[in-house]
Every structure is written in C-alpha cells, then in structure tokens.
Amino acid sequence: MSSFKTLDDLPADLTGQVALVRVDLNLPMKDGAATDVTRVEAAKPTILELTDKGAKVLLLAHFGRPKGQRNSTMTTSFVQGDVDAVLGKEIMFIPEVMGPVVEQSIGILRAGDIGLLENVRFWPGEESNDPDFAKGIAAHGDFYVNDAFSAAHRAHASTEGLARLLPAYAGRAMEEELKALDAALGAPEQPVAAVVGGAKVSSKLDVLTNLVGKVQHLIIGGGMANTFLAAKGVDVGKSLCEHDLTDTANRIMDEADHAGCTVHLPYDVVVAKEFAANPDSLRTCNVHEVASDEMILDVGPQAVEALGDVLKTCRTLVWNGPLGAFETEPFDAATVALARTAAALTESGSLISVAGGGDTVAALAHAGVKEDFTFVSAAGGAFLEWMEGKDLPGVAALRG
Ligand code: ADP
Ligand code: MG
C-alpha cells in the first residue's frame with residue numbers, strides 16, 4: 001500500500017519542470033454554475049504545493065461524458081472561474097491536451113503558474129487508454145501526479161496510461177484517501193464492523209461477498225436487509241425486496257458463518273402502507289409482524305440500539321449505504337442515530353470510522369456528523385470498487 005511515491009519524493013525545487021496533474025473537476029453544475037466546489041478544494045493542497053516549489057502545473061480532468069468528441073457544452077473552461085476562486089490565483093485555459101497549442105502555452109506560463117487543459121474525454125484515446133494518446137500528453141510533462149481517487153477505478157489514459165509513461169506520484173488527496181481506506185480494510189485495527197445499506201442487494205453483491213471475509217460484524221440495513229430477511233423466511237410484505245436473490249443472500253450468510261463474521265439483520269422495523277413523509281399508517285413492529293400491505297422503510301429503535309452496542313466493541317467501522325429511506329421523515333431515524341453513535345465513538349478515540357457512497361455522504365451530512373468521521377470518501381464508484389476488494393487501475397499504476 002505504501003509502495004507508491006508521494007509529493008515528498010519530489011525535489012524541493014521544481015523550477016523549470018512541468019507537472020501533469022490529474023484532478024477531479026467534474027463539478028455538479030446548475031444553470032452553468034458549479035453548485036459545489038469540494039472537488040477543487042480537495043485538489044488545492046497538491047496544486048499549490050507544486051506551484052510553490054516552482055513547477056508549471058497542467059491540470060488534466062474530465063467533465064461530463066462527451067464520448068470521445070469535442071462538445072462545447074462540456075468544456076473544462078466552464079469551471080475555470082471556480083478553480084481560480086478556490087486557488088486564489090488566475091489560471092490559463094488551454095483548449096487542447098497535446099500539440100503545439102499546449103507547447104506554446106507552456107512557453108507563456110511562468111514558474112508557479114497553472115494551466116487548465118481541455119476535457120480529456122473529448123478524445124477517444126482517453127477512455128480506450130490508447131498508448132499513443134497517452135504518449136502525446138506525456139510529451140508535455142516532466143512528471144505525473146494523480147490526485148483524483150474518484151477516477152482511479154477507470155483504466156483511462158489520464159488515470160492509468162500516463163502513470164506508466166512518466167515518473168508518477170500520488171497527490172495529497174489521493175495519499176490521504178489511500179491511507180484512510182487502508183486503515184479501514186487493508187490492515188485495520190480489529191474488530192471491524194461494516195454497515196452496508198441502501199436500496200438493493202444486486203448493486204452491492206461484490207461488496208457483501210468481499211466484506212464477509214474481512215470483517216467480524218456485517219450490519220445489513222436498508223432495502224437490502226429485506227432480501228436477507230425474506231431469505232430467512234420472514235414475510236416482508238410490500239417492502240422493496242429482490243426475491244430472486246434468495247439463494248445469493250443465503251450463500252452470503254453461509255460464507256459469513258464459515259468466516260466467523262456475524263451478520264446483523266434488524267429485528268424490529270419501521271413500516272408504513274404508503275411511502276410518504278410521516279404517513280398515518282406509520283408504526284414500529286417486530287420483523288415477524290409486518291402485514292402484507294406494509295413496507296419496511298427503516299430499521300427499528302431497538303435494533304439500532306443493539307447495533308450501537310456492537311460498534312462499541314469494535315475498533316474500525318466502514319460504512320456504505322443508509323439504513324433506511326433517509327430522504328423521507330421519519331425513515332432517517334436509524335441512519336441518523338447510528339451515525340451519531342459512530343461519530344461519538346470516533347471522537348472519543350475508540351473507533352476509526354470510514355464512510356463513502358453518494359447517498360451515504362448525504363445521509364451523514366443530514367445527521368450532522370460528516371466532519372466527525374475519521375474519513376468520508378467523496379468518490380462514489382471508486383469507493384464501491386475498493387469495498388469490493390478490487391485493485392483500482394489508477395492506484396495500481398502508481399505503484400508501478
Ligand atoms: P450509496 O449511494 O450511499 O451507495 P445506495 O444508492 O445504495 O447508497 O442506497 C441509497 C438509497 O437506498 C436511498 O435512496 C434510500 O432511500 C434507499 N433505501 C434505504 N432503505 C430503504 C428501504 N427500506 N426501502 C426503500 N429504499 C430504501
Ligand atoms: Mg446511491
């Protein structure tokens with residue numbers, strides 16, 4: 001894990017050198033303006049460390065899904081102003097990723113200046129990881145830095161190919177993410193608990209299969225818990241449930257048994273007849289008392305308390321997926337309660353807590369504890385693939 005190079009391995013003076021830096025600038029946009037610049041803030045320490053050392057920095061990123069063609073609605077120049085604002089300095093937009101325009105621009109940049117290259121996905125060689133395309137970009141740089149963990153699950157030219165052609169380094173955000181993830185599942189302090197929730201088992205089969213061999217406690221919540229309950233013969237009524245995955249759920253529970261992993265399923269649940277905020281039909285009951293016209297929409301309060309006690313016995317927690325339909329009140333209660341317990345245990349120093357996933361991050365923010373976890377990953381797909389135990393191509397290439 002620690003076998004990749006970081007910015008610490010670069011010389012103190014980078015004057016005269018050009019750094020090709022892969023960052024995540026795929027900002028959420030509304031009406032032509034970014035609604036959240038967290039991704040730029042994440043890349044800021046790396047960019048400024050390189051410019052402070054005198055390097056000319058060329059930022060390389062994708063923006064949207066232009067599918068290998070120039071597309072004026074997806075140019076990275078749209079986020080130039082946001083990058084300027086976050087970095088506190090003016091950057092130069094360069095409407096190419098290689099060739100004479102890039103060469104001339106590098107000539108204009110002074111030591112410590114920053115250029116923003118065009119959307120690398122405008123060229124088909126990016127996603128096909130075409131070696132000639134990667135060589136064309138690499139020709140402009142003296143070294144390569146990858147600070148975009150969120151794109152590391154793709155073997156693209158800018159995430160993988162370049163790392164094989166130039167001296168390659170992990171940026172600070174990448175380094176922090178890899179350290180946090182390693183502390184959670186690579187070489188974690190034992191015992192380890194995993195919370196896996198969300199809508200469907202089918203989207204997280206590989207996650208569950210990987211985790212049963214690695215953690216002592218597997219806490220299953222959300223819609224996917226219904227599939228496991230049904231597999232155990234519980235009538236889950238109208239709940240979201242993948243009945244065709246009964247065998248799979250049983251196999252996962254068998255594997256957990258063999259591996260000494262305890263699977264925790266809710267024994268009380270919050271149900272309603274219609275999916276709406278605070279419906280009249282709302283009630284809490286034992287899992288064996290769900291009526292045929294009711295849906296399970298959250299884990300019940302007794303189960304949540306018991307799960308909190310499980311976390312108290314653990315040193316490490318990795319969490320992906322909300323325990324209930326947390327966007328609609330009061331089905332956020334279990335997720336909020338367990339998240340707060342985890343945050344308190346983290347603050348008291350007894351738990352290392354790592355979480356990730358688009359809805360999970362939103363749920364932790366909703367619970368007001370996003371800052372209190374040890375590490376919260378902003379990477380959606382890459383985080384899930386890491387939870388599946390996969391070696392991410394962008395990370396593997398940094399190791400050389
Ligand atoms: P993440 O984005 O963190 O990986 P998922 O996308 O897998 O999480 O799952 C989040 C979704 O699961 C949320 O929209 C939530 O409403 C839904 N969900 C959780 N529990 C239930 C449930 N019991 N019934 C229906 N949907 C649920
Ligand atoms: Mg999601």
Side-chain angles (χ1 to χ4, degrees), residues 28 150 153 181 184 194-208 210-211 218-230 234-243 245 249 264-279 281-285 287 290-291 293-301 303-304 307 317-339 342 353-367 369-370 373 375-388 390:
S150 57
H153 57 314
L181 298 190
V195 172
V196 183
K200 288 184 170 177
V201 172
S202 52
S203 63
K204 294 185 182 172
L205 271 182
D206 293 339
V207 171
L208 293 163
N210 181 43
L211 288 175
L218 179 60
I219 295 169
I220 300 177
M224 64 170 59
N226 304 335
T227 301
F228 281 85
L229 289 168
V234 173
D235 184 353
V236 296
K238 263 202 317 167
S239 304
L240 175 66
C241 180
E242 293 165 288
H243 290 284
L245 288 181
H264 300 267
L265 291 168
Y267 48 79
D268 63 335
V269 285
V270 181
V271 300
K273 288 183 181 162
E274 64 271 84
F275 184 28
N278 304 302
S281 58
L282 182 76
R283 70 182 189 108
T284 299
C285 67
V287 283
V290 179
D293 58 348
E294 286 179 325
M295 285 176 274
I296 301 172
L297 291 164
D298 200 12
V299 172
V304 171
L307 294 176
L317 165 68
V318 47
W319 186 331
N320 169 258
L323 295 180
F326 76 102
E327 301 94 337
T328 309
E329 281 195 21
F331 309 113
D332 58 339
T335 305
V336 168
L338 196 64
S353 52
V354 173
D359 293 292
T360 309
V361 176
L364 294 183
H366 170 72
V369 298
K370 201 180 139 191
F373 270 53
F375 187 77
V376 176
S377 174
F383 181 84
L384 268 186
E385 289 202 20
W386 165 77
M387 273 189 91
E388 290 169 357
K390 292 196 179 134

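For ligands, and for the atoms within them, numbers begin at 1 and follow the listed sequence.
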What's the spacing between Leu317 CG and Ile219 CD1 if we round to 0.5 Å? 7.0 Å

Heteroatom proximity flag, Ser203 to ligand 1, N/O under 3.5 Å: no

Write out the residue and atom name of the closest protein heavy atom to atom 7 (O) of ligand 1, then the distance separating them to 0.1 Å. Lys204 NZ, 2.7 Å

Please find the N/O/S atom of Asp359 nearest to the Mg ion (ligand 2) and write down its name. OD2

Do any N/O atoms on Asp298 end up under 3.5 angstrom from N/O atoms on ligand 1? no

Any side-chain heavy-atom pair of Thr360 and Phe383 under 4.5 Å: no

Starting from atom 12 (O) of ligand 1, what is the nearest protein heavy atom, named by residue and atom, and what distance separates them? Ala199 N, 3.1 Å

Does Val270 reach the side chain of Leu297, with side-chain heavy atoms less than 4.5 Å apart? no

Tell me if a side-chain donor or acceptor on Lys370 pairs with a main-chain N or O of Val361 at a distance below 3.5 Å. no

Short N/O distance, under 3.5 Å, between Leu323 and ligand 1? no

among protein heavy atoms, the one nearest atom 6 (O) of ligand 1 is Asp359 OD2, 2.9 Å

Got a donor-acceptor contact below 3.5 angstrom from the Ser239 side chain to the Cys241 backbone? no

Starting from atom 3 (O) of ligand 1, what is the nearest protein heavy atom, named by residue and atom, and what distance separates them? Thr360 OG1, 2.4 Å

Residue, atom and distance of the protein heavy atom nearest atom 18 (N) of ligand 1 read Gly324 O, 3.9 Å

Please state which part of Asn320 comes within less than 4.0 Å of ligand 1, counting heavy atoms only: side chain, backbone, both or neither. side chain

With a 4.0 Å heavy-atom cut-off (strictly under), which part of Glu327 contacts ligand 1: side chain, backbone, both or neither? side chain

For Gly358, atoms of ligand 1 separated by under 4.0 Å from a heavy atom: 2 (O), 3 (O)

Is a side-chain donor or acceptor of Asp293 paired with a backbone partner of Lys273 at a separation under 3.5 angstrom? no

Of the protein's non-hydrogen atoms, which lies at the shortest distance from atom 22 (C) of ligand 1, and what is that distance? Gly223 N, 3.5 Å

Any nitrogen or oxygen of Gly356 lying under 3.5 Å from a nitrogen or oxygen in ligand 1? Just yes or no. no

Counting only heavy atoms closer than 4.0 Å, does ligand 1 sit against the backbone of Leu240, its side chain, both, or neither? side chain

So, Thr328 side chain and Ala276 main chain: donor-acceptor pair closer than 3.5 Å or not? no

So, regarding Ile296 and ligand 1 (criterion: nitrogen or oxygen to nitrogen or oxygen, under 3.5 Å), is there a contact or not? yes

